[in-house]
Amino acid sequence: MSYVIEMLGIRKEFPGIVANDDITLQVEEGEIHAILGENGAGKSTLMSILFGLYHADKGVIKVRGKEVHIKSPNDAYELGIGMVHQHFQLVHNFTVAENIILGKEGSFVYNIKEASRKIKEISERYGLSIEPEMVIEDITVGMQQRVEILKMLYRDADILIFDEPTAVLTPQEIDELMQIMRNLAAEGKSIILITHKLDEIKAVASKCTIIRRGKLIGEVDVATASAADMAAAMVGRPVSFKVDKKPSVPGDAVLELKDLSVMNSKKVLGLKHFSLAVRSGEIIGIAGVDGNGQSELVEAITGLRKAESGSIFFKGKDITNLSIAERNEMGLGHIPEDRQKRGLILSAPLTTNMVIKEFYKKPFSAKGILDYQEIAGYSEEIVEKFDVRSGEGIDSFAGKLSGGNQQKAIIGREITADPDLLIAVQPTRGLDVGAIEFIHQQLVAERDKGKAVLLVSFELDEIFNLSDKIAVISGGELIDIVETSETDEHEVGLMMAGIRKGESV
């Protein structure tokens with residue numbers, strides 16, 4: 001059998017960790033081949049070696065049967081290998097065309113008109129629906145990802161690596177991306193898909209290579225392997241896809257929103273006359289298509305955005321005009337949607353990030369002097385409990401962690417701070433099934449301790465799995481609040497489209 005890609009006996013070490021330990025990966029032409037593994041298992045490292053970002057300490061790489069030495073991404077592109085990274089590599093105030101030709105011009109003079117023509121042609125051929133003159137900051141995350149795909153195709157790549165491609169996409173965008181992948185494979189492109197999502201692997205992949213803690217577990221035929229079997233192979237134990245929780249026992253309202261209206265970044269109302277109460281001992285899920293007011297809602301509650309009108313009450317006190325620090329002091333916890341922009345200081349170690357909201361208080365400091373021993377001990381507890389994996393432990397810089405481990409670090413910090421209200425936005429984004437199971441258990445445990453949890457997620461199964469009640473948002477308006485046990489995904493889906501109960505479709 002001939003393979004388009006062979007990575008044989010690959011080993012890669014970093015200080016304190018063996019990221020890849022004798023891993024072999026073989027991909028056929030025109031195949032969608034998945035790589036499955038826990039956060040920090042070594043998947044992205046393996047693909048970064050193939051793309052020339054890292055160099056293997058041992059092992060052989062063959063492309064179309066010929067041994068190669070890939071020293072840089074330019075070498076990879078010369079071999080027809082392209083990569084869409086988990087965190088996009090785009091200049092936000094450039095157009096689509098400018099981003100795509102960046103680094104590809106070949107001289108000081110380039111023909112933007114000719115480049116735009118070629119980009120439009122590729123976009124139409126693969127059903128990407130991208131216009132070359134669009135500015136990156138004005139388009140959705142899903143469309144930005146399509147720009148990354150276009151960058152690969154513009155460079156004539158026929159071996160395409162997708163690193164956690166659906167981590168930031170809405171369900172509709174995920175479906176569209178799956179179809180794009182099928183189109184690419186049908187054209188003879190070979191796709192390597194790194195993902196934690198078993199349903200996506202089942203939907204598009206034919207083979208799946210499973211890695212656990214840097215070691216190869218094996219290759220499975222996706223058509224015959226069950227999701228449960230793949231999950232167990234990935235984490236080394238059986239995994240439950242359902243949260244085991246008792247009925248909620250709600251108490252007093254911890255958060256009350258009264259007729260809240262908030263402007264969005266385009267200076268129009270992104271949230272309109274929104275009223276909601278979240279009580280102690282319950283999880284309220286916010287269901288809606290991305291971009292329907294969720295960001296404005298969360299940012300107003302946390303103090304990141306000013307309320308245009310209406311009021312926000314936290315534990316009976318009006319906090320509408322309080323600072324972020326004052327809200328944190330009162331017991332508000334926030335797992336943000338964007339872990340890199342809002343959740344972490346990437347250029348700082350985990351120790352700094354774990355106490356960033358509390359470093360000025362005892363026991364972390366006294367009379368303005370930091371107690372590094374206390375900070376280190378506290379950080380170690382979070383890292384151990386939430387299984388945050390890094391090469392240099394608590395001294396690792398946050399930016400060096402995998403996306404999933406960055407997420408676990410943020411969740412660990414916010415939950416360990418013991419907030420009275422926890423706002424969790426896409427809390428399991430980029431996490432493997434084992435980590436998702438654990439985080440779901442932690443959120444339910446917070447509820448059972450009498451905490452209030454406001455869950456914002458674009459994953460409907462997560463909303464139904466965790467929420468006691470579901471508040472549906474569409475066009476910045478509250479459509480309805482329903483008991484989770486008394487509704488279904490179809491009914492909530494209609495409400496997400498703005499169709500209220502009793503209205504005809």
Side-chain angles (χ1 to χ4, degrees), residues 248-338 342 357 414 417-427 443 446-447 450-457 463 467-484 495-496 498 500-501:
S248 64
V249 185
D252 296 332
V254 175
L255 175 71
E256 289 182 276
L257 309 176
K258 297 184 177 179
D259 203 32
L260 188 66
S261 293
V262 185
M263 290 286 191
N264 62 21
S265 56
K266 295 181 179 176
K267 304 300 181 188
V268 297
L269 285 180
L271 192 73
K272 306 164 190 172
H273 307 292
F274 197 95
S275 297
L276 178 71
V278 186
R279 303 182 182 280
S280 64
E282 75 174 354
I283 299 175
I284 299 286
I286 302 291
V289 176
D290 189 15
N292 275 263
Q294 296 96 324
S295 295
E296 291 80 5
L297 171 66
V298 170
E299 289 173 9
I301 298 169
T302 55
L304 290 164
R305 190 180 290 269
K306 181 178 175 292
E308 194 67 21
S309 62
S311 303
I312 305 167
F313 288 87
F314 182 35
K315 298 194 292 190
K317 180 178 179 180
D318 188 343
I319 65 165
T320 313
N321 297 309
L322 292 189
S323 68
I324 296 171
E326 288 172 313
R327 298 178 200 218
N328 289 342
E329 281 286 339
M330 288 181 67
L332 191 152
H334 177 208
I335 299 166
E337 179 178 2
D338 192 323
R342 294 273 171 82
K357 293 165 74 174
E414 297 302 312
D418 198 29
D420 294 308
L421 169 67
L422 179 61
I423 300 173
V425 188
Q426 294 287 87
L443 292 175
E446 288 298 294
R447 180 203 77 162
K451 309 295 185 179
V453 179
L454 182 65
L455 170 68
V456 181
S457 177
I463 289 284
S467 306
D468 301 303
K469 292 179 184 173
I470 300 173
V472 185
I473 190 171
S474 179
E477 297 181 2
L478 179 66
I479 300 300
D480 205 349
I481 302 171
V482 292
E483 295 282 345
T484 306
M495 287 189 279
M496 285 166 60
R500 300 176 190 273
K501 272 189 173 184

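Computed from a prediction, not measured in an experiment: that's the story for all the values here.
Distance check: I283 CD1 to S467 OG gives 6.5 Å after rounding to the nearest 0.5 Å. Atoms CZ and CG, from R279 and L421 in turn, are 13.5 Å apart once rounded to the nearest 0.5 Å. Distance check: I301 CD1 to I312 CD1 gives 6.5 Å after rounding to the nearest 0.5 Å. We find the CG-CD distance between D318 and E256 to be 10.5 Å, quoted to the nearest 0.5 Å. Within the model, atoms CD1 of I335 and CZ of R342 stand 15.5 Å from one another, a figure rounded to the nearest 0.5 Å. Note that CG of L260 is 5.5 Å distant from CG of L271, once rounded to the nearest 0.5 Å.
Residue pairs meeting the side chain to side chain donor-acceptor pair (under 3.5 Å) criterion with at least one member in residues 258-275, sequence neighbours excluded, are D259-H273. Listed by first then second residue, pairs satisfying side chain to side chain donor-acceptor pair (under 3.5 Å) with a partner in residues 301-315 read E299-R305, K315-D420, not counting sequence neighbours. Applying the side chain to side chain donor-acceptor pair (under 3.5 Å) test to residues at least two apart or on different chains, the pairs with a partner in residues 324-338 are S323-E326, E329-Y360.
Contact of the S474 side chain with the N292 side chain is registered, since non-hydrogen atoms from C-beta on lie closer than 4.5 Å. A 4.5 Å side-chain heavy-atom check between V254 and F314 finds at least one atom pair inside the cut-off. P427 places a side-chain heavy atom less than 4.5 Å from the side chain of L443. Taking 4.5 Å as the limit, every side-chain heavy atom of E296 sits out of range of all side-chain heavy atoms of L269.
For D252, the CG atom is loosely surrounded, since the number of other residues' heavy atoms within 6.0 Å does not exceed 12.
Nearest heavy-atom pair, I473 versus F274, reported as atom, atom and distance to 0.1 Å: CD1-CE1, 3.8 Å. Nearest heavy atoms, V289 versus M496: N-CE, 3.7 Å. For the pair A277 and A253, the tightest heavy-atom approach, listed with the atom from each and the gap, is CB-CB, 4.5 Å. Here the closest heavy-atom approach between residue S280 and residue G450 is recorded as CB-O, 3.1 Å. Annotation for G498 and I479: closest pair CA-CD1, 4.2 Å, computed over non-hydrogen atoms. When all heavy atoms of D468 and G281 are compared, the closest pair comes out as OD2-O, 4.4 Å.
Applying the salt bridge (charged side-chain N to carboxylate O under 4.0 Å, His left out) rule to E414 yields the partners K357; only residues at least two apart in sequence or on another chain are considered. For A471, the side-chain contact (heavy atoms from CB on, under 4.5 Å) partners at least two apart in sequence or on another chain are L276, I284, I286, L478, I481. Residues that satisfy the side chain to side chain donor-acceptor pair (under 3.5 Å) test with Q294, not counting sequence neighbours, are absent from this structure.
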May I have the step-by-step check of side chain to side chain contact (heavy atoms under 4.5 Å, CB included) for M330 and I319, ending in yes or no? CA-CA 10 Å; M330 288 181 67; I319 65 165; 3.7 Å; yes

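When each of L255, L455, V298 is tested with I423 by the rule side-chain contact (heavy atoms from CB on, under 4.5 Å), just one qualifies, namely V298.
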